[in-house]
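Worksheet for the structure shown next.
Just so it is clear, the structure is predicted and the values come from calculations on it, not from any experiment. Every chain is numbered from 1, with letters handed out A, B, ... down the list of sequences.
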Amino acid sequence: MDEGLSDAVRKVFVALYKKGYIYRGQRMINWCPAAKSALSDEEVIYRDVPGKFYYFRYPLAEGEGALIVATTRPETMFGDTAVAVHPDDERYNKLIGKFVKLPLTDRLIPIVGDIHADPTKGTGCVKITPGHDPNDFEVGKRHNLEVINIMNNDGTLNDLCPADFVGLDRFVARDLCVRKLTEQGLVEKIEDITHSVGYSERGGVPIETLVSSQWFCKMDELAKPAIEAVKSGKIKFYPERWTKTYFHWMENIQDWCISRQLWWGHRIPAWYNDENGEVYVGEEPPAAPGKWRQEEDVLDTWVSSWLWPFSIMGWPEQTGELKKFYPTNDLVTGPDIIFFWVARMIMAGCEFEGTIPFRNVYFTSIIRDEKGRKLSKSLGNSPDPLDVIAEYGADALRFSIVYIAPVGMDIRYNNEKCEIGRNFANKLWNACRFRQMQGGVSADFEHLPEGLSCDEKWMISKLDAAISGIEEELEKFRFHAAAHALYDLVWSDFCDWFVEAEKLPMRSGGADRERALAVLDYALFRILKLLHPFMPFITEELAHRMGFVEEGKSIMYTAWPEADDAASFDPAECALADGKFELVRIGRFLRSSYNIPDGKKLDFHIKAAGKTEFDALVTQRESLKLLLNAENIEISLEAFDSAAHGAAPSQPGAMGVISLPLAGLIDVAAELARLEKQLKDINGWIASAKGKLANERFVKNAPPQVVADARSGLADLEVRKTRTEELISALKG
RNA sequence: GGGCGAUUAGCUCAGUUGGUUAGAGCGUUUGCUUUACACGCAAAAUGUCGGGGGUUCGAGUCCCUCAUCGCCCACCA
């Protein structure tokens with residue numbers, strides 16, 4: 001309602017009027033008796049509700065007999081101006097031109113022949129109420145029937161109805177109608193049915209269709225360039241399938257009823273001259289002499305909204321903002337307002353600015369309750385975001401929603417889902433707290449130090465991979481995938497593995513400690529930047545607390561990270577970290593299998609797969625001890641000496657076999673069973689891999705990389721098989 | 001009537017152009033007061049990917065069909 005936007009609305013109205021697109025006319029429209037206003041088609045919500053199907057006798061004017069008509073709206077009979085039968089319907093067509101008596105009135109109405117009457121439906125006779133039914137209105141036009149509006153604007157019957165009905169609410173009148181007809185023996189039967197009834201979106205009451213004088217905007221010409229914009233790909237929808245909905249509506253677009261009988265809104269810039277009947281439309285009131293009266297109707301709210309992409313930037317002035325920001329890149333909105341808003345903005349942009357208003361339209365999920373119902377005030381099933389924020393935090397709410405929102409599908413939401421984000425925020429907070437407890441931030445946290453360990457290179461590769469992945473997902477508007485990538489990066493890679501592994505160099509002190517802290521800082525700051533769009537508050541706070549961002553500045557102005565660190569790394573070093581972590585996982589599994597508390601220090605034995613692995617693993621002995629909470633780890637090229645120390649639960653990994661000596665506590669039978677099950681699985685996989693590779697068509701048709709992967713996979717399986725067999729025979733002694 | 005979508009672990013859902021043994025969170029079970037975090041740590045179990053058919057060397061992924069659920073549009077005397 002700002003002055004600038006009012007100017008834009010007036011200008012557009014006048015332009016479309018002069019072009020002949022906006023016109024005033026008597027047409028069948030949707031009427032809301034609660035709001036006492038006209039509505040557009042889009043504001044009518046259809047609901048299936050129980051109702052009744054009434055069969056009434058309309059007596060013939062001459063002679064005996066009656067025509068039986070069926071209706072769901074008995075009270076509209078006072079607007080009946082004919083009964084129609086199909087011209088070819090031999091049961092009735094000889095009656096065409098004759099009359100029936102309209103019950104409860106003294107009117108005679110004609111029997112007309114019209115194809116609208118379907119002989120196969122109901123009785124084949126249909127009452128025609130041109131004032132209250134769109135189809136009947138068309139029939140009325142064809143037969144020159146009178147249009148009688150029997151209703152006041154609040155849904156009560158008006159004085160065109162019999163005296164005892166005047167002023168009655170339409171539903172009260174319906175009952176009275178049926179009662180009176182029953183008394184007169186004119187009710188043939190009444191059936192219970194479920195039928196679709198149009199409700200006013202805002203008023204919540206059944207709408208009336210009636211003929212009224214309203215302002216309309218002709219849409220078909222406006223739609224053409226807007227259809228083309230999406231067809232040609234100048235505007236893209238994400239997900240793309242919504243274009244179908246868009247095209248279907250646009251290609252069948254109806255004139256838009258834009259006038260509303262409300263007191264709040266942009267007033268229509270039209271004036272009537274009561275002396276000579278002239279109509280004046282203009283941005284300014286008429287200067288010509290005479291008695292002018294401005295139209296009291298206001299415009300549908302979307303008449304200002306469809307101008308939004310340019311009206312908010314000063315249009316019709318060609319402001320600097322407009323030149324810079326129009327068209328914009330992305331519109332983010334819900335698919336439920338494709339017709340109301342998106343389609344109309346595209347039409348308005350093409351018409352008034354000569355070009356599309358935006359290039360991408362991202363349709364969000366619609367949040368529903370646990371039962372799948374849309375959130376609504378009347379159902380009271382909408383959580384108050386402020387309550388949710390108070391309980392879980394604003395970032396937790398935001399992150400959780402992004403994390404759980406699938407592309408293009410609705411979300412079944414409940415507050416508990418915010419625990420994902422709350423726990424994640426807490427995890428991040430604690431990771432930073434841990435770093436802070438080690439002392440102040442490194443001098444150069446923007447660059448990596450020299451001489452990275454394999455764990456550090458592993459972490460940086462993970463970070464690089466995450467950056468690339470996140471960029472790719474964001475490009476494709478796959479926000480949930482980006483959120484998942486970040487969640488895994490922070491929780492699994494950074495906290496579970498990297499921070500735990502870095503405790504070793506940190507405890508060593510000296511240069512190792514300095515380097516470790518510098519890498520932690522480097523990685524953490526990048527993580528905070530990547531997370532900032534998803535969790536703006538906590539990342540800003542942490543960036544300041546950590547000392548990454550100066551007082552008075554914001555993380556949002558720091559450069560987005562580039563994925564360019566790991567390219568120069570020796571892949572073998574990352575593989576060493578991976579192999580080590582795998583052995584740690586297996587060692588922990590063995591510990592857990594025997595219910596040994598994590599806190600108890602243990603000895604492990606690792607038989608390296610070969611000399612290379614042996615040399616590499618020896619460098620990681622202290623790291624393995626820390627991660628496995630081991631007292632001692634023997635790394636050897638020899639198998640664990642079960643003859644000397646008793647059998648030990650063991651399992652192979654890529655870099656070697658790890659054993660947990662238990663000095664007689666081993667449950668040999670259980671170990672054998674476990675290993676034999678593994679052997680069976682391995683043999684199954686080997687058989688399937690071999691079968692596949694023996695299939696000429698696979699080798700011939702599959703991409704070379706897939707075949708190569710299958711070959712190396714088979715080789716790995718063979719190695720695991722051998723090692724597992726060795727373990728089994730060792731156990732058997 | 002037309003269109004769109006969904007159906008994957010007990011629950012809520014990921015799974016991008018078909019490619020090894022289908023994943024996550026919650027829940028469940030076991031063990032943990034391991035000095036960042038119990039809103040946590042370490043581990044474990046659970047799936048004939050709605051049914052049927054087809055294409056393919058290979059299908060959760062593509063095609064057809066059926067079933068159930070949801071949404072949109074149109075119609076409904």
Side-chain angles (χ1 to χ4, degrees), chain A residues 41 46 53 55 69-73 83-84 116-118 121-129 133 135-136 139 193 195-197 239 241-242 244-245 248-249 252 335-336 338-339 366 368 370 372 374 392 396 403-404 406-414 416-417 419-438 472-473 476 478 480-481 484 487-488 495-496 499-500 503 585 588-601 629 681-682 684-685 688-689 691-692 695-703 705-707 709-710 712-714 716-717:
Chain A
D41 295 343
Y46 287 91
F53 214 15
Y55 290 75
V69 295
T71 180
T72 56
R73 301 284 318 269
V83 170
H116 169 61
D118 182 346
K121 270 169 102 173
T123 60
C125 306
V126 54
K127 71 197 240 340
I128 300 298
T129 320
D133 182 279
N135 287 312
D136 293 3
V139 175
I193 55 160
H195 62 151
S196 172
V197 174
R241 64 186 158 79
W242 289 113
K244 279 205 162 191
T245 306
H248 183 258
W249 188 71
N252 296 283
D336 50 340
I338 289 178
F339 309 141
I366 291 175
R368 298 177 180 277
E370 287 167 281
K374 219 166 164 174
Y392 296 95
Y403 187 88
I404 66 177
V407 178
M409 269 175 34
D410 294 351
I411 304 176
R412 278 181 193 231
Y413 173 87
N414 58 45
E416 288 77 59
K417 290 197 168 166
E419 288 178 9
I420 297 168
R422 181 199 61 183
N423 295 354
F424 184 53
N426 190 250
K427 188 75 179 174
L428 182 70
W429 184 269
N430 278 308
C432 289
R433 198 161 71 116
F434 168 75
R435 171 61 189 88
Q436 282 181 293
M437 288 166 68
Q438 311 303 319
E472 207 173 301
E473 302 297 4
K476 292 188 282 190
R478 289 165 46 87
H480 77 294
H484 277 84
Y487 185 94
D488 293 342
C495 292
D496 289 348
V499 169
E500 292 307 317
K503 284 177 180 173
R585 262 190 289 263
R588 287 171 176 171
F589 166 72
L590 295 176
R591 171 196 286 271
S592 163
S593 303
Y594 281 85
N595 279 341
I596 302 164
D598 298 337
K600 185 169 163 52
K601 297 243 178 206
N629 196 27
D681 289 346
I682 291 169
W685 299 329
S688 109
K692 186 186 283 184
N695 183 337
E696 277 176 35
R697 284 179 299 182
F698 170 71
V699 178
K700 206 175 83 188
N701 294 326
Q705 189 57 49
V706 172
V707 178
D709 288 350
S712 72
L714 178 59
D716 291 346
L717 282 170

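- One N or O donor and one acceptor, one from the side chain of Lys427(A) and one from the base of C37(B), sit under 3.5 Å apart.
- Asn629(A) has its CG atom 11 Å from the P atom of U34(B), to the nearest Å.
- Of all heavy-atom pairs between Cys495(A) and Ala431(A), the closest is SG-CB, 3.9 Å.
- Under the 3.5 Å distance criterion, the side-chain polar atoms of His484(A) are matched with a main-chain donor or acceptor of His480(A).
- Base pairing in RNA chain B yields stems of at least 3 consecutive Watson-Crick or G-U pairs, both distances under 3.5 Å, namely B:1-7 with B:67-73, B:10-13 with B:23-26, B:28-32 with B:40-44, B:50-54 with B:62-66.
- Between Lys427(A) and Tyr487(A) there is no side-chain heavy-atom pair separated by less than 4.5 Å.
- Residue contacts for Cys495(A): at a heavy-atom cut-off of 4.0 Å it reaches a base atom on one of the strands shown.
- The main-chain N or O of Arg422(A) is never found under 3.5 Å from a side-chain atom of Asn426(A) such that the two would form a donor-acceptor pair.
- Within 4.0 Å (heavy atoms only), Val699(A) reaches no atom of the nucleic acid at all.
- G50(B) and C11(B) are spaced 14 Å apart, taking the P atom of each and rounding to whole Å.
- Annotation: the span from Thr71(A) atom OG1 to Lys127(A) atom NZ amounts to 4.0 Å, rounded to 0.5 Å.
- Between the P atom of A44(B) and the CZ atom of Phe589(A) lies a distance of 6 Å, rounded to the nearest Å.
- Residue Arg588(A) places at least one side-chain N or O under 4.0 Å from the OP1 or OP2 atom of A43(B).
- Looking only at side-chain heavy atoms (C-beta outward), Arg591(A) and Asn629(A) come within less than 4.5 Å of each other.
- Rounding to whole angstrom units, CG of residue Asn430(A) and C1' of C39(B) are separated by 9 Å.
- If you measure from atom NZ of Lys503(A) to atom P of C41(B), you get 11 Å, rounded to the nearest angstrom.
- Rounded to whole Å, the distance from CD on Gln436(A) to C1' on U35(B) is 16 Å.
- Distance CZ (Phe424(A)) to C1' (A36(B)): 15 Å, rounded to an integer number of Å.
- Nucleic acid contact for Lys476(A): base, since at least one base atom lies under 4.0 Å from a heavy atom of the residue.
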Counting primed atoms plus P, OP1 and OP2 as sugar-phosphate and everything else as base, spell out the protein contacts along nucleotides 17-32 of chain B at 4.0 Å heavy-atom distance: B, S or - for each nucleotide, 5' to 3'.
--B-B--SS----SB-
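- In this model, a side-chain donor or acceptor of Glu500(A) finds a partner on the base of A36(B) within 3.5 Å.
- Annotation: G60(B) and G19(B) have their C1' atoms spaced 13 Å apart (nearest Å).
- Heavy atoms of Arg591(A) sit nowhere under 4.0 angstrom from any nucleic acid atom.
- From Tyr392(A), atom OH reaches atom CD1 of Ile420(A) across 11.0 Å, with rounding to the nearest 0.5 Å.
- The shortest side-chain heavy-atom distance between Ile338(A) and Trp249(A) does not fall under the 4.5 Å cut-off.
- Distance CG (Asp496(A)) to P (G40(B)): 11 Å, rounded to an integer number of Å.
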Using a cut-off of 4.0 Å between protein heavy atoms and nucleotide atoms, how would you tag nucleotides 68-74 of chain B 5' to 3' with B, S and -?
-----S-
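- Rounded to a whole Å, the CD atom of Glu696(A) is 13 Å from the P atom of C57(B).
- Between Arg73(A) and Thr129(A) there is no side-chain heavy-atom pair separated by less than 4.5 Å.
- Contact annotation for Thr129(A): no contact, since no heavy-atom pair falls under 4.0 Å across all strands.
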